[in-house]
There are 2 protein chains.
Amino acid sequence: MAYEREAAILKVTSEVLGAAREFLVCEGFVELLPVILAPVTDPLRHNTDRAIIQAYGERWHLTRSMIFHKQAAVRVCDKIFSFSPNIRLEPPERGQTGRHLFEFVQLDLEVRNATRDDVMDLGERLLLHIMEKVRERCRKELEFLGRKLPSFRAPFPRITYTEARHRYGEDFEERLSAEMETPIWIVDFPIEVREFYDREDPTRPGVLLDMDLLYPQGYGEALSGGEREHRQDRILSRIKFQGLDPEAYASLLSLAGEGIPPSAGFGIGIERLVRFLAGLRHVAETRLFPRVPGVPAVL
Amino acid sequence: MAYEREAAILKVTSEVLGAAREFLVCEGFVELLPVILAPVTDPLRHNTDRAIIQAYGERWHLTRSMIFHKQAAVRVCDKIFSFSPNIRLEPPERGQTGRHLFEFVQLDLEVRNATRDDVMDLGERLLLHIMEKVRERCRKELEFLGRKLPSFRAPFPRITYTEARHRYGEDFEERLSAEMETPIWIVDFPIEVREFYDREDPTRPGVLLDMDLLYPQGYGEALSGGEREHRQDRILSRIKFQGLDPEAYASLLSLAGEGIPPSAGFGIGIERLVRFLAGLRHVAETRLFPRVPGVPAVL
């Protein structure tokens, strides 16, 4: 059959979306429609060009993440998620990492009044649920793809950013992901390496209450999240600390003035998850119409 | 409780997404990730400004619909769907119709080798399934919103475009939707009022094998679809007939040269569906961050 490989990967992707949705709905989450155009979006830390259009006399950013919309949404519902298409115009050389698309979908979720530990526990159960359902519903496809999916047990091990840097050096992410037999959490990122919305630990200045999860077998980053800065004064000082213009975040700051609840959450990239589950070389294989930095598209 | 109305509407929206997905997966559909940026997108018939960004030395359209990607995808899987965010920069005056957002989500599906009758039957069962689940799972919310959801039976009545124009005049859509007690299909649009990808009936030149579904109670258009032109020569002549530049559709035409299977499908707007189910005045009420033509957004 032609396209048998593509069909198998699409089936795995579809089951991932279904398994994630069924798990989160059982956990009391409400699914939000994604946001594509917004007056303000995630600044990110690393270099990505800005994707902006003009409409109705205003500038609209293509969403890089729904972080601010999630923080606003938990005023209305205490548990929300969205399958959020993100546009990040990464440098062309990132087209070769196997982990970067300039258009990808992130399962982005947020929980009102949650702690980092709450969402780390949720993330472990979510990942294990998806893996169980994919094993169950995509046996044929995984076999066709030659993928022997490993089994894990929660809780996953944790290591602090500082310890990871100390033990594994600059490229600790690659080395940890390559050496581990199980997913591993990296916690407590220093304030200077992350975005302003990750919450600083009141008891440990300069240390953030955030985390990344790495896949084993060299598949790299799985998810990223943390507790959020929600107080107007804290957000303002963190925006300044990151060297950004508070004017650009005026709407977020005025929203925080009206009151944003404390929350924690994370985003997990669907294409990277499917790449790991299906054992693929490049995330581009997960899409029929991949958007690879620097590579032209046909359709 | 603050935001009780917003929370009720979000709950209905979330159940619509879940009910639609569970129905389609049971029917053997595979969920595709949406496409946001593409070298080519739906030309549409009506005036909408072009939303384009530049990246990696190419021009990327923000997706107005996934029609061409759906036609390409049914080469791989015979039944596909996607919750597809569409950007359509409608004229500002459309902000007042109650039915237009310039960013909305369309449940877009396509079936290989299907006829118009096949997908009309599917559309009726999909809509009735969603209504049944929303009634069941959102009783409290519908009551809070004061919405008494009517009950329908399939098959829904059908009327041809020509007969509808003859009986109800220019604004037949508004009048039919306002007068009906049940959804009604409008079929057989004339070739000059629709896009080039709707298939012309080989036995009735100038008549298309397409359809729209209207909601009753004045809620207007529910879905739009039909059989597709899939032969390269037919697509080319229809592109010319619509007065478009074949060069702009070169990639679609070369794809059709390699072979696109016959298919039929439709798209159903999620915000319009929620507006109907929840009995809302304006689709903007279905979104926490609505994108209303001509209206600035806070976040």
Side-chain angles (χ1 to χ4, degrees), chain A residues 2-3 6-7 10-11 13-14 17-18 21-22 25 29-40 49 51-53 55-58 60 62 68-69 72-73 75-77 80 83 85 87 89 92 102-105 251-252 254-255 270-271 286-289 291 293-299, chain B residues 2-3 6-7 10-11 13-14 17-18 21-22 25 29-40 49 51-53 55-58 60 62 68-69 72-73 75-77 80 83 85 87 89 92 102-105 251-252 254-255 270-271 286-289 291 293-299:
Chain A
Y3 301 113
E6 291 84 349
L10 289 184
K11 175 66 159 43
T13 307
S14 187
L17 298 173
R21 188 179 271 132
E22 80 193 8
V25 167
F29 281 75
V30 165
E31 181 172 6
L32 296 188
L33 295 172
V35 173
I36 304 301
L37 297 175
V40 56
D49 279 332
I52 292 169
I53 67 162
Y56 312 106
E58 318 255 333
W60 302 88
L62 275 69
F68 306 135
H69 301 93
R75 293 175 308 167
V76 178
C77 301
I80 56 101
F83 292 104
I87 304 297
L89 302 180
F102 65 89
E103 173 182 328
F104 64 95
V105 173
S251 53
L252 173 67
S254 75
L255 203 72
I270 298 298
E271 292 89 344
T286 66
R287 307 278 308 225
L288 287 181
F289 316 102
R291 302 301 181 231
V295 177
V298 177
L299 198 65
Chain B
Y3 302 113
E6 291 85 347
L10 289 184
K11 176 67 159 43
T13 307
S14 187
L17 298 172
R21 187 177 199 286
E22 79 193 10
V25 167
F29 281 75
V30 165
E31 180 171 5
L32 296 188
L33 295 172
V35 173
I36 304 302
L37 297 175
V40 55
D49 278 331
I52 293 169
I53 68 160
Y56 311 107
E58 318 255 331
W60 302 88
L62 275 70
F68 306 135
H69 300 93
R75 294 175 308 167
V76 177
C77 300
I80 55 102
F83 293 105
I87 304 297
L89 301 181
F102 64 89
E103 173 182 330
F104 64 95
V105 173
S251 53
L252 173 68
S254 74
L255 202 74
I270 298 298
E271 292 88 344
T286 67
R287 306 281 305 227
L288 286 181
F289 317 102
R291 302 299 181 234
V295 178
V298 178
L299 196 65

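Protein chains get the first letters and strands the later ones, always in sequence-line order, with residue 1 at the start of each.
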A:Trp60 and B:Arg291: side-chain contact (heavy atoms from CB on, under 4.5 Å), yes or no, with the steps? CA-CA 11 Å; A:Trp60 302 88; B:Arg291 302 299 181 234; 3.8 Å; yes
Contact origin within B:Arg75 toward chain A - heavy atom pairs under 4.5 Å: both
Find the one option among A:Val105, A:Ile36, A:Ile80 whose heavy-atom pairs under 4.5 Å with chain B are most numerous. A:Ile36
Give the minimum heavy-atom separation between A:Pro85 and B:Pro85, together with the two atoms involved. CG-CG, 4.1 Å
Quick one: of A:Leu37, A:Thr13, A:Val30, who has the most non-hydrogen atom pairs under 4.5 Å with chain B? A:Leu37
Ranked by heavy-atom pairs below 4.5 Å to chain B, first place among A:Leu62, A:Val25, A:Ile270, A:Leu252 goes to A:Leu62
Below 4.5 Å, heavy-atom pairs only: which of A:Glu22, A:His69, A:Glu6 has the largest tally toward chain B? A:His69
Starting from the C-alpha separation in whole Å, work towards a yes-or-no answer on salt bridge (Lys or Arg N to Asp or Glu O under 4.0 Å) for A:Arg21 and B:Glu31. CA-CA 12 Å; A:Arg21 188 179 271 132; B:Glu31 180 171 5; 3.7 Å; yes
By a 4.5 Å heavy-atom criterion (distance strictly below it), what part of B:Glu58 contacts chain A: side chain, backbone, both, or neither? side chain
Using 30° and 60° as the class limits, which term best fits the ring planes of B:Phe102 and A:Tyr56: parallel, tilted or perpendicular? tilted
Which portion of B:Leu10 sits near chain A, non-hydrogen atoms under 4.5 angstrom: both
Segment of B:Phe104 engaging chain A (4.5 angstrom heavy-atom cut-off): neither
Heaviest contributor of heavy-atom pairs below 4.5 Å to chain A, chosen from B:Leu255, B:Leu288, B:Val40, B:Leu89, is B:Leu89
Between B:Glu271 and chain A, which part of the residue has a heavy atom less than 4.5 Å away: side chain, backbone, both or neither? side chain
What residue, out of A:Ala51, A:Gly57, A:Ser251, has the most heavy-atom pairs lying under 4.5 Å from chain B? A:Ser251
What part of A:Phe289 is in contact with chain B, defined as an atom under 4.5 angstrom from a non-hydrogen atom: side chain, backbone, both or neither? side chain
Could you look at B:Ile87 and say if it's the side chain, the backbone, both or neither that has a heavy atom under 4.5 Å from chain A? side chain
So which residue, A:Ala55, A:Gly18, A:Ser254, A:Ala72, ends up with the most heavy-atom pairs under 4.5 Å with chain B? A:Gly18
Engaged part of B:Val35 at the chain A interface, taking heavy atoms whose separation is under 4.5 Å: both
